[in-house]
Colleague: 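First the structure, then my questions, so here it is.
On a predicted model such as this, the values are computed, not experimentally measured, just so you know.
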Amino acid sequence: MTLVERSIEIAAPAAMVRAQFGDVAHHEPGGVHAGVTFEVLADDARRCRYRQISRTGPIRSAQVLELERGAAGPLVNRIVAGPFRGAAIVFDIVDVDGARSTVTARLDSPRRIHRLMRPVIRRVVGAAFATALAEDRDDLERGGYRNDMIG
C-alpha cells in the first residue's frame with residue numbers, strides 16, 4: 001500500500017541523480033538535509049545499512065534502513081528498525097531529456113494503517129518528502145554532489 005508519494009524535477013542527468021540518492025556517505029556529514037542525521041553502519045556496492053535520525057518539530061524519530069542498489073530500477077530503502085519498520089521508501093528516478101530527471105519518492109507499507117492515522121502520516125511524511133527532495137535538488141543543481149565515475 002502506497003501511503004505517500006511526492007515528485008520533483010531536477011536539472012541533472014539521471015545517472016548522477018541516482019548516484020547521489022544512493023550515496024548515503026555523501027549525506028552523512030550533514031549539510032544536505034536540515035534536521036536529519038545519517039550514520040552509515042555497513043556499506044558495499046550492492047547494499048548500505050544506515051541509521052537515520054529525523055526531527056519534525058518536537059518529534060524525533062530514529063530508524064535503521066537498508067538501501068538496495070540494483071543495477072536498474074528504483075532505489076529501495078527498507079526500514080528494518082524504527083516506527084515504520086516493515087515499510088520502504090522508494091525512489092524512482094526517470095530521465096527526462098539527458099540533462100533533467102524526475103524523482104518520485106514513495107512510502108510503501110505492507111501493513112494496513114489505521115484510517116485515523118493515514119491523513120496525519122500523509123501530511124507529515126508528505127511534507128518531509130517535499131522538503132528532502134528540494135534539498136537533494138539543491139545539492140545536485142548547485143554542484144554539491146560530484147561523482148567523477150558518472151559519464
Colleague: Does some side-chain heavy atom of L75 sit less than 4.5 Å from a side-chain heavy atom of L67?
Modeller: yes
Colleague: Nearest heavy-atom pair of Q52 and F38: which atoms, and what distance?
Modeller: OE1-CE2, 3.7 Å
Colleague: Pair H27, D139 - check side-chain hydrogen bond (donor to acceptor under 3.5 Å, both in side chains), show working.
Modeller: CA-CA 10 Å; H27 291 79; D139 182 50; 5.4 Å; no
Colleague: Taking side chain to side chain donor-acceptor pair (under 3.5 Å) as the definition, give me every residue that meets it alongside R85, ordered by chain and number, with sequence neighbours left out.
Modeller: none
Colleague: Taking all non-hydrogen atoms of both residues, which atom of V76 and which atom of A88 are closest, and how far apart?
Modeller: CG1-CB, 4.2 Å
Colleague: How does the hydrophobic cluster around V32 look, that is, which other residues are in it when side-chain heavy atoms under 4.5 Å mark a link?
Modeller: none
Colleague: Would you find a donor on one side and an acceptor on the other, under 3.5 Å apart, between the side chain of E141 and the backbone of A11?
Modeller: yes
Colleague: For E66, what residues pass the salt bridge (Lys or Arg N to Asp or Glu O under 4.0 Å) criterion, not counting sequence neighbours?
Modeller: R49
Colleague: According to side chain to side chain donor-acceptor pair (under 3.5 Å), who are the partners of S7, at least two apart in sequence or on a separate chain?
Modeller: T104
Colleague: Tell me, please, which residues at least two apart from D44 pass salt bridge (Lys or Arg N to Asp or Glu O under 4.0 Å).
Modeller: none
Colleague: How far apart are the C-alpha atoms of V40 and C48, what are their side-chain angles, what is the distance that settles it, and do they pass the side-chain contact (heavy atoms from CB on, under 4.5 Å) test?
Modeller: CA-CA 7 Å; V40 174; C48 179; 4.1 Å; yes
Colleague: Could you check H33 against D136 for side-chain contact (heavy atoms from CB on, under 4.5 Å), going step by step and ending with a plain yes or no?
Modeller: CA-CA 8 Å; H33 299 293; D136 282 310; 3.1 Å; yes
Colleague: For the atom pair CG (D95) and CZ (R100), what is the distance rounded to the nearest 0.5 Å?
Modeller: 9.5 Å
Colleague: Would you say L65 and I89 make side-chain contact, with heavy atoms under 4.5 Å?
Modeller: yes
Colleague: side-chain contact (heavy atoms from CB on, under 4.5 Å) for D43 and R69? Distances and angles first, verdict last.
Modeller: CA-CA 11 Å; D43 198 359; R69 296 185 190 110; 2.9 Å; yes
Colleague: Should R18 and D23 count as an ion pair when the cut-off is N to O under 4.0 Å?
Modeller: no
Colleague: Checking N77 now: which residues fulfil side chain to side chain donor-acceptor pair (under 3.5 Å) with it, not counting sequence neighbours?
Modeller: Y50
Colleague: Who passes side-chain contact (heavy atoms from CB on, under 4.5 Å) against R6, sequence neighbours left out?
Modeller: V4, F129, L133
Colleague: Please name all residues satisfying salt bridge (Lys or Arg N to Asp or Glu O under 4.0 Å) with R51, sequence neighbours left out, ordered by chain then number.
Modeller: E39
Colleague: Just to verify, what does D92 make a side chain to side chain donor-acceptor pair (under 3.5 Å) with, not counting sequence neighbours?
Modeller: R106
Colleague: As a quick check of understanding, evaluate side-chain contact (heavy atoms from CB on, under 4.5 Å) for V103 and V17, giving each step before the final call.
Modeller: CA-CA 8 Å; V103 179; V17 172; 3.5 Å; yes
Colleague: What pairs of residues pass the side chain to side chain donor-acceptor pair (under 3.5 Å) test when at least one of them lies in residues 123-132, not counting sequence neighbours?
Modeller: none
Colleague: Please check if I93 and V24 belong to a single hydrophobic cluster, counting links between Ile, Leu, Val, Met, Phe, Trp and Tyr side chain heavy atoms closer than 4.5 Å.
Modeller: yes
Colleague: Looking only at non-hydrogen atoms, find the nearest pair between G98 and P13 and report the distance.
Modeller: O-CB, 3.6 Å
Colleague: Got a sec, which residues hit ring-ring contact (aromatic ring centres under 6.0 Å, His included) with F91, two or more places apart in sequence or on another chain?
Modeller: F21
Colleague: Indicate yes or no for a side-chain donor-acceptor contact from S101 to the backbone of A12 under 3.5 Å, with no hydrogens or angles considered.
Modeller: yes
Colleague: So do R60 and S54 actually touch side chain to side chain, heavy atoms under 4.5 Å?
Modeller: no
Colleague: How about L107 and E5: do any of their side-chain heavy atoms sit closer than 4.5 Å?
Modeller: no
Colleague: Please identify each residue that fulfils salt bridge (Lys or Arg N to Asp or Glu O under 4.0 Å) with E68, with sequence neighbours left out.
Modeller: R78
Colleague: Report yes if the side chains of I79 and V64 come closer than 4.5 Å at any heavy-atom pair, otherwise no.
Modeller: no
